[in-house]
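Quick caveat: nothing in here was measured; it's all calculated off a predicted structure. Note on naming: letters A, B, ... go to the chains in the order of the sequence lines (proteins, then strands), and numbering restarts at 1 for each one.
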Amino acid sequence: MLSHIKSRIPRLLRSPISWVQLIGFAVAIATATILYLTAMFELSFDSFHTNKERIGLLYMRSEERGAIISNSSMAPPLAPLVSKELPEVEASTRVLNAQMMLRHGDKEIASELKYVDASFLKIFSFPMDQGNETALDNQDGLVINEAMAESLFGSKQVLGKAVELNINGNWESRIITGVSSVNPRNSSISFSSLMRFEQSPNYKELENDWSYKNHAVYVKLKAQSIDAAGFQKATVAFINQHEKVAIEKLKRDGAKADANGAYLSLRILPLKDVHLSDIGKGEVETSKFPWILLVISGLILFIAGSNFVNLSLASAMTRIKEIGTRKTIGGSTFQLFMQFWMESAFICVLSLLLGLALASLLLPEYNATLNYQFKIAQLFSSLNISLFLAAFLLLTIITGGYPALRMANVNIINSLKGKSSVKSTYLQNSLTVLQFSIAMILCIATVIISYQLHYLSNRPLGFNKTEVISIPIGQGIDANLAIERMRNTLAAYPWVKSVSASDINLGRGRDGSTSTSRFGFDQDGTEIVTNYLTIDYDYLKTLGIKLLAGRDFDRQHKTDENAVLINKEMADLLGGPEKALNSTLEMDNNPTIVGIVDNFHFHDLKREVGPLTMGLPIGGFDLSYIFVRIHSSNLQQSLKQVEDTWKSINPKASIAASYLDENTQNLYNNDRRIAKIVIAGASVAIAISCLGLFALTLLLINGKIKEIGIRKVLGSSITNIILLLSKNFLMLIGLAFLISTPIAWLLMTRWLEAFAFRIAIQWWMFALAGGIALGFAMLTVAWQTFKAARVNPASTLKEN
Amino acid sequence: MIKLEQLFKWYSQGNNRSFVLKDINLSIEAGDFVSIMGPSGSGKSTLLNVIGMLDEPNEGKYYFMGEDVLAMKTKKRNQLFQAHMGYVFQSYHLIDELTVYENIETPLIYKNLSSADRKAIVSDLLDRFHIVGKKDLFPAQLSGGQQQIVGIARALAGSPKVLLADEPTGNLNSKQGEEIMELFTQLNKDGVTIIQVTHSEKNAAYGHRILEMLDGQIK
């Protein structure tokens, strides 16, 4: 048997069909491997925690004004009461995001701090280098991670050493009680330092405040697994008791009760879903991203596999005589089957090796583009190896075994006469149709996703995003002072048009953060929920926001410290612009509305523009972002000059400035990532399908050489012959188009529903995608058929 | 009608030329019936292919109906030959997937004839060769002689002036072979010029003229 393979290898490697099989399969394996790694990484989030099955994130759900609101921000009293009063809960911890400057000697570093409860280290299983899970048992405990230790001390052995913290502008000394490893990359909670929640600013005042919600709460249940519905039922009494005020408000404002009759319910999201879920708007839904990846990689493997079967079957026709001869000299069906199967297996193994090599070549580029850190070595875990081995064996058995069985079973006499062909037109055609259907669905998805992203980046946002630089102010400098200095220094440059600031960035800047500030207050007996933005003077001018009525903030008006601007949406809530202008809002300090601006997209385009109130920073929140409008022909150089100015004012600034164009693009990074993967998948699918088509054409032509000759002698033109040979393929591709269109339409309609602002799916998108697939297919077929059609018939019609 | 002058055809093997046709000088008048004979490899089929312009000579002159064929543009040459020549093969070369009717119709489709015209011509041929009853059968359902009759009918569909036949009876038994030869004789009487390549002395005798070939030359 092995000697058979040995003698076949040179022939196998000489056949173009084998190469098509080999390369097609290898490309598919490389693609599937990379997508598999990505999917498994996304699915593995938080799986390193020992108690992962029992941990969940709490969130509240309500339905106000027809919109379902899920919110994972909790009030400080909730977590301790949850542990105390709910028998289902074993432990709970609050997790509050913050930033903290750490200092040791002359080294000063900003750290990503989480204020947590003592149980945090016991609920989760974050690996500790030094110290243990009791590190935060004392109120003044401090855990830093080893990277932070290395940067501050130049050593990881820092347990018990003192470090200084900048608390409210004063440096205080603390003893390090624990050193954690750097967070695993697949952790949804990341930190470089941990402190007790009780140490958070204003803790004493907020300790019993149910209206101030700013942190997440994780719980560990007593049960071995999480029953989300059961938990929701078990917490009804708890919520009704403690959130009485909030529930009364919801009822009064006409909120809708959920299926269980609750206006506000406390729910739990299992830890494994936290990374992939989006809590905020609508019902909490877990992203299907990893599953999309797995499906795409499965489809690509399927295309390559069916290619393989198709080609094996088709090339079997050219070996009918060989099979007959082998049988007459005593080869049993089983022996023949084994021979053919081993030939297939040989090509499969080669493809696997080539595919893995290709994947490891592509990974660095892939990692760089999509910000992952995959290595091919990750595949060699026992789970992955067994999965891969199983999948591979199955593929070889199907792709190699089926054609082998068919070939081995042909009738001896017929095959010797060269008459019998392994007829499998039906199977071949179905597989080709399926391949192209899949390729076309991916093609249509590519067109629609690209167009939607193009639409998002070109839709008017209500503010002028070009030529505006945004600078994150960051920690370690007084914001108001920083803005004043920037204003004064930049005034020297004629190309700087204006400078302003706000507490929330527009889009997503280099600091990678987006946030929303919302709060509700009672106005004329109903609760009004508004987004709130703290802005500086010249905000409208800097961002080019249109003023509809009233006026912008003015330094001349001293009373503007207690005035607000609102957007049109908010004005409508208050009973129209005329009524709203110059009236007062019944929120803290009762500010007067001095101006109404046109709606602009302060969120991404997945959401409608909500009501917005803007006030000056006095008594509100700190300003965090500086905006500089410039007018310049050299944007790169201007950015650098503005940045240099900023560095001279704040030498500790660590986060780069960026243009707003870039920031608004960054909002759709996730969608762009999906787009990239779908586009790559579509390209690979088309390429492999065309490879298969190429080989099928080759075989078809081989079988029809004589017919082509006859037809030429009878007077057929070259065009006629090309048409004759590609007619069948054209029909198959046409059929694939009919199949793929409705499926793609359904899928893409669902995808687009996630965007409040979206394109309408139009017929030309299908036509374009179909055209692309058809074009590539025709290119593949046409060249071969053209060559065949040009052959001199005298050479193909030779007798004997 | 056909005039070949100092025609050469060769294949280069390294620096050597191996000649398939050597200094062929031949003239065939309209209405002639020529049989070409000779051992295997003597260049009979090549000569026939050159006459039918399925193959090109390396050197020499070829006049067809007074025109210098080798000086013509390919497209014009193809038109000329497709309009005036019919081909018959030893192994018939019918298209397996097409019925008898469709096989005969194929060259007419390539000539862009209307479907009514095609139908008239094909029906006429089916009648003439007594194969009306077989028109819906596929080649595999016919005997060798019947297949060759269909092949001839197809060759005549375009009403050619010259019929080129490469061993038309080579795959047939003697009775079938006779029938085909009778058919050729009849066609020749109707005015078709026939050039056939054959191994059989008996069949060659049907022609008005026999050309003996040896090593690429006409003896």
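- Residue contact with chain A, scored on non-hydrogen atoms closer than 4.5 Å, involves the backbone of B/Leu94 exclusively.
- Within 6.0 Å of atom CH2 in B/Trp10, more than 12 heavy atoms from other residues, nucleotides or ligands are found, so the atom counts as buried in its surroundings.
- We find the CG-CG distance between B/Leu108 and A/Leu714 to be 9.5 Å, quoted to the nearest 0.5 Å.
- Proximity to chain A (any heavy atom under 4.5 Å) is restricted, for B/Asn49, to the side chain, taken from C-beta onward.
- Counting all heavy atoms, side chain and backbone alike, A/Arg711 lies closest to B/Leu98 at NH2-CD1, 3.4 Å.
- In this structure, B/Tyr101 places its OH atom where more than 12 heavy-atom neighbours from other residues, nucleotides or ligands lie under 6.0 Å away.
- Annotation for B/Asp124: atom CG counts as buried by contact number, over 12 foreign heavy atoms lying within 6.0 Å.
- With a threshold of 4.5 angstrom between heavy atoms, B/Thr106 approaches chain A through side-chain atoms but not through N, CA, C or O.
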